[in-house]
Number of protein chains: 2
Amino acid sequence: MTAMEQMGARAKEAARKLAVAGSQKDVALEAIAQALVRDCDKILEANRIDLEQGEKNGLTAALLDRLALTEQRIQGMANGVRQVKALPDPIGQVLEGSVRPNGLSITKVRVPLGVIGIIYEARPNVTADAAALCLKSGNAVILRGGKEAIHSNTCIAQVMRDALAQTDIPVDSIQLVQDTTRQSSIDLMNLTDYLDVLIPRGGAGLIRAVVEQAHVPVIETGVGNCHVYVDKDADLDMAAEIIYNAKTSRPSVCNAIETILIHQDVAKQALPKIKKRLDEKQVQLRGCEKTRAILGDSVIPATQEDWSKEFLDYILAVKVVDSLDEALQHIARYSSGHSECIVTENYAAARAFTSQVDSAAVYVNASTRFTDGGEFGLGAEIGISTQKLHARGPMGINELTSMKFIIQGDGQIR
Amino acid sequence: MTAMEQMGARAKEAARKLAVAGSQKDVALEAIAQALVRDCDKILEANRIDLEQGEKNGLTAALLDRLALTEQRIQGMANGVRQVKALPDPIGQVLEGSVRPNGLSITKVRVPLGVIGIIYEARPNVTADAAALCLKSGNAVILRGGKEAIHSNTCIAQVMRDALAQTDIPVDSIQLVQDTTRQSSIDLMNLTDYLDVLIPRGGAGLIRAVVEQAHVPVIETGVGNCHVYVDKDADLDMAAEIIYNAKTSRPSVCNAIETILIHQDVAKQALPKIKKRLDEKQVQLRGCEKTRAILGDSVIPATQEDWSKEFLDYILAVKVVDSLDEALQHIARYSSGHSECIVTENYAAARAFTSQVDSAAVYVNASTRFTDGGEFGLGAEIGISTQKLHARGPMGINELTSMKFIIQGDGQIR
C-alpha cells in the first residue's frame, strides 16, 4: 500500500463510522470551532512561515492576500464552521418511498458519499470550510491544498484533528496530504478504491488538469464565462445597473459576467448608457464591429477568442445581435454553462431564454452575481458545479450526499 | 474535427432541440415502435449476418443466444419503446423553489443531461432500449455497440433514424458509432467537449476499462458481489428460500448473490437446510473451515479470492461469522456495493444492518433479485449504478436528467 492508499483506507474506515454518527457530528464541529479560536496564535505563526516563503518566492500581492490569515479571518473560519453546524443534518432524510404490489416497502434515504477528496490552491480557509461541510454531511475528507499554504494548512488540520480526538468522531475523518508535489495530486486523482468523489477548487488550470487526469469521479467547478443579454424590450436603466453590478462588484469571481449581448434595436440607446456606467470603474470594452460603430474607436476590436475568455478582470466583451435567437446561439456556443441573464420586460422573450439556455443558473432581470450557495439559501457552499452530472450550480451539503434503497420484506422472492 | 467529434457536435445540436421538445418525443417513440415491427424482416436479415459471422468466429452458445433476434424479440423491443413512451415526461418538473428575502424567485427544474454515450456488448436490443430512454428524457444518444452485433445495431439504428426523419425530433438524436475498433471506444471516452456522461453496459472487464480510461463523466454500472447474511434470529426456512432464489433464479445477473454469511449460533441448523435446497440446482459451495466442519468435505475450501469474486454461476461462497458485526465488516470489505440482505426476525439487527451496510440496495427478508428498475417501479432501467455520484441502484429516466436554477427578478443586484 502506498502512503496515499493508506490514507484512503483510514478515510474509508472513518467514513463507515461517520455515516451513522448523529448529533456527535455537531459536537465535533463545535469543538473544531472552539479549537480554531483557541489555537489562533499557533495558526498565525504557521501562516507567517507561509507568507515569508511566499514573499521570497515572489508571489503576487493578490496571492499573498489570499494566503494571509488574521485573527479576524480565523474568527471567520470558526464562525463558518458554526454556520455549517447549524444546518439541518441531511443524512437519513427520506427522499421517497412506496409499497410495491408484492408487499415490499421501498424507502430511498439520503446517505453520505463516503470519502471526498478536495484539491485546492492558496486559500487556507478552505481547509476548515471544506472539512466542516464534509463532516456535517457524514463524509470523511482528504484535503490536498497548495504548497504555498502548507504550513497554515498543516496547522489548521492538526488543530481540527486534535479537536476530533476529544469527541466520538474518528480523527481520520479529516486528513491533509502533506506531500505537495504534483505526484500527490496525481495519486489522489487515481485513488479509485477509496475516493467516492474528487472536487477541485481553484483556477481554470487546476480544474482542467483534474478533469483531464482523474480516474475517480470528479465534480467540475467554477469556470464561469457568464453573459447578460439586453433584449429589445429591456428596461435599459435596469440593464445598465445589472451589467455594472455583474461586471464590477467582484470581477475575479466565477459568477461575474464576461460578455454582454445587445439587441440591435436598442443598441444605439443602450450602449452609451452602459459604457458610461462601466467607465466609472475603467472597464475595458472589447466590441464587435457594430458596437464600435456606435461607441467609437475607444472600444478595442473583439477577437474570436474574446468570446470564450473568462477575463476575471475589468474587461468586458460586447456584441450586438440581430435577435434573441442569435443571442441564444452565441450563448450555446461560448458559455461555460455557469450563469446567464436576460434583461427584458417581454414575457415571451423571458420564457424562451429561461427554457432554452442550458446553464446552471438562468436569470431574468437580476445580476448573475447571485449564483452562490449563501444567496440561494443553501447555508454554505463547497463550490459551484458547472457539470450536469450529480450536482449543478451552487453545491451545499445535500450535494455532498448520495442515497440508498432500503427494502423491507417478509420473505419475498422473485 | 475527427469523425467522433463531428458526431458529438451533431448530437449536441440535436440535444439543444430535444431539450425543449414536449409531446413530439412521444410521437417519435411511437414512430420508432411501429418502424421496428414494420422493418422486422430487414432487422432479422442483418442479425443473420451477425450470427453467421459469430458462429464462424467461434462465439459461445450463450453469446450467440444473447445476439440472436427473433420476430418475438423485436416485438419485445417495440413494446419496450412503447412502455418508455408511456412514462411521464420528467423534463420541466419543478423540483423545488422559494422566494428569497430580496424578492428573487428561485425555481429548480429538471432538464436533460444533454448528450449521453452508451458503450455496450452483444445484445442488440440495448440499441432500441437505450435510445428510447435517452429520447424520452430529452437526451441525444451516441451508441457504441459491440462488433459482434454491428450489422443488427446498424440496421436497428437506421430504422429508428428513418422513423425520426418523419417527425419533429432531430434525426441525430440517435447516432450509432460504425467503427467498432478499440480506438472508437477510446475516442468516445475522451469526447469531453460533447459528452455529458458515458454509461458502460456489459461485463466487469468493459466497465473496469471505461472507468479507468474515460475522461468524460462515467456512471459505473452492474458489478454485483451481493451477500445474504443469516442472523441468529433468522427464520431459517425463509433464509433457505431467499438464498435459493437469490442464487439460482438467474445466476448470470448482477443482483444474484455470491456469498452467504451465517451466524455461528444457527450455522449447524441452517447450513444443511440451505445446502439441501441448493443441491437441487447442483450449486457448488466454497466454504470457510467452520462451514466445512458442519457440511463436510463435499464443500470446497474457500480461498481468500472467493470472497471478492462475482461468480455469475452456480457457485456460492459460504462463511460462518461470530456476530452481526463480523458480517458487517465482511460486507464492508468485499461487497461491490450493489445489494445485500439480512434475514432476521430481530428488530435491532434489521435496523443495524440497514443503517450500516453501504450498498445501493439493502434488504431485510427479501431476495436481492428485486434490485431492478421494473421491480422498483421505475418503468424501465438503463442500468444499475454501483457508484454513489449522481445515481445509485436502478437508474430510470429521472437518473438521465440534470437540473437548472431559473431565477426571476425585478432588477436585483448584489
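All chains are named by letter (A, B, ...) in the order of the sequence lines, taking the proteins before the strands, and each is independently numbered beginning at 1. What you are looking at is a predicted structure, and each value in this text was computed from that prediction instead of being measured.
For B:Pro112, the part lying under 4.5 angstrom from a heavy atom of chain A is the backbone only. Proximity to chain B (any heavy atom under 4.5 Å) is restricted, for A:Arg16, to the side chain, taken from C-beta onward. Contacts between B:Asp237 and chain A at a heavy-atom distance below 4.5 Å are absent for every atom of the residue. For A:Val357, the part lying near chain B is the backbone, with the side chain staying farther off; criterion is any non-hydrogen pair under 4.5 Å. Contact of B:Asn190 with chain A is not made at all, since no heavy-atom distance falls under 4.5 Å. Using a 4.5 Å cut-off between heavy atoms, A:Glu13 makes no contact with chain B at all. For B:Ser355, the parts sitting under 4.5 Å from any heavy atom of chain A are the backbone and the side chain alike. Both the backbone and the side chain of B:Gln329 come within less than 4.5 Å of a heavy atom of chain A. Only the backbone of B:Ser359 comes within less than 4.5 Å of a heavy atom of chain A; no side-chain atom from C-beta onward does. At a 4.5 Å heavy-atom cutoff, the contact between B:Lys108 and chain A is made by side-chain atoms alone. Residue contact with chain A, scored on non-hydrogen atoms closer than 4.5 Å, is absent for B:Tyr244. For B:Leu104, the part lying near chain A is the side chain, with the backbone staying farther off; criterion is any non-hydrogen pair under 4.5 Å. Within the 4.5 angstrom heavy-atom criterion, no atom of B:Ala19 approaches chain A.
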Next item on the list: Let me see the working for A:Val211 and B:His215 under side-chain contact (heavy atoms from CB on, under 4.5 Å), right down to the final yes or no.
Entry: CA-CA 7 Å; A:Val211 169; B:His215 291 121; over 6 Å; no
Item checked: Test log, rule side-chain contact (heavy atoms from CB on, under 4.5 Å), inputs A:Asn365 and B:Gln408 -> CA-CA 7 Å; A:Asn365 296 348; B:Gln408 295 171 294; over 6 Å; no
Check: Should A:Glu375 and B:Arg100 be marked as a salt bridge (Lys or Arg N to Asp or Glu O under 4.0 Å) after you check the CA-CA gap, both sets of side-chain angles, and the distance that decides it?
Finding: CA-CA 8 Å; A:Glu375 295 293 334; B:Arg100 300 293 304 154; 6.0 Å; no
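Expressed to the nearest 0.5 Å, how far CE of A:Met238 lies from CG of B:Asp410 amounts to 6.5 Å. Atoms CZ and CZ, from A:Arg414 and B:Arg369 in turn, are 4.5 Å apart once rounded to the nearest 0.5 Å. How far CD of A:Gln356 is from NZ of B:Lys17: 11.0 Å, rounded to the nearest 0.5 Å. The distance from the OG1 atom of B:Thr192 to the CD atom of A:Glu212 is 6.5 Å, given to the nearest 0.5 Å. Between atom OG1 of residue B:Thr354 and atom NZ of residue A:Lys404 there is a gap of 6.5 Å, rounded to the nearest 0.5 Å.
Within the 3.5 Å criterion, the main-chain N or O of A:Met403 finds a donor-acceptor partner in the side chain of B:Arg392.
Looking at B:Ile413 and A:Ile242, their side chains come closer than 4.5 Å, going by heavy atoms from C-beta outward. Contact check for B:Ile407 versus A:Phe376: side-chain heavy atoms found under the 4.5 Å cut-off. With contacts defined as side-chain heavy-atom distances shorter than 4.5 Å, the pair A:Lys388/B:Val197 does not qualify. B:Asn102 is listed as a side-chain neighbour of A:Phe370, based on a closest heavy-atom distance under 4.5 Å.
Options B:Glu399, B:His390, B:Glu220 differ in how many heavy-atom pairs under 4.5 Å they form with chain A, and the most are formed by B:His390. Contact tally against chain A (heavy-atom pairs below 4.5 Å) for B:Thr371, B:Thr401, B:Asp372: the top residue is B:Asp372. In terms of non-hydrogen atom pairs under 4.5 Å with chain B, the most contact-rich of A:Ala332, A:Gly393, A:Gly411, A:Ser367 is A:Gly411. Options A:Val362, A:Val20, A:Val109, A:Val364 differ in how many heavy-atom pairs under 4.5 Å they form with chain B, and the most are formed by A:Val362.
Of all heavy-atom pairs between B:Ala366 and A:Gly409, the closest is CB-CA, 4.4 Å. Residues A:Pro394 and B:Phe405 approach most closely at CD-CE1, 3.9 Å, considering heavy atoms.
If you run side chain to side chain contact (heavy atoms under 4.5 Å, CB included) between B:Leu389 and each of A:Val218, A:Ile219, A:Val216, only A:Ile219 comes through.
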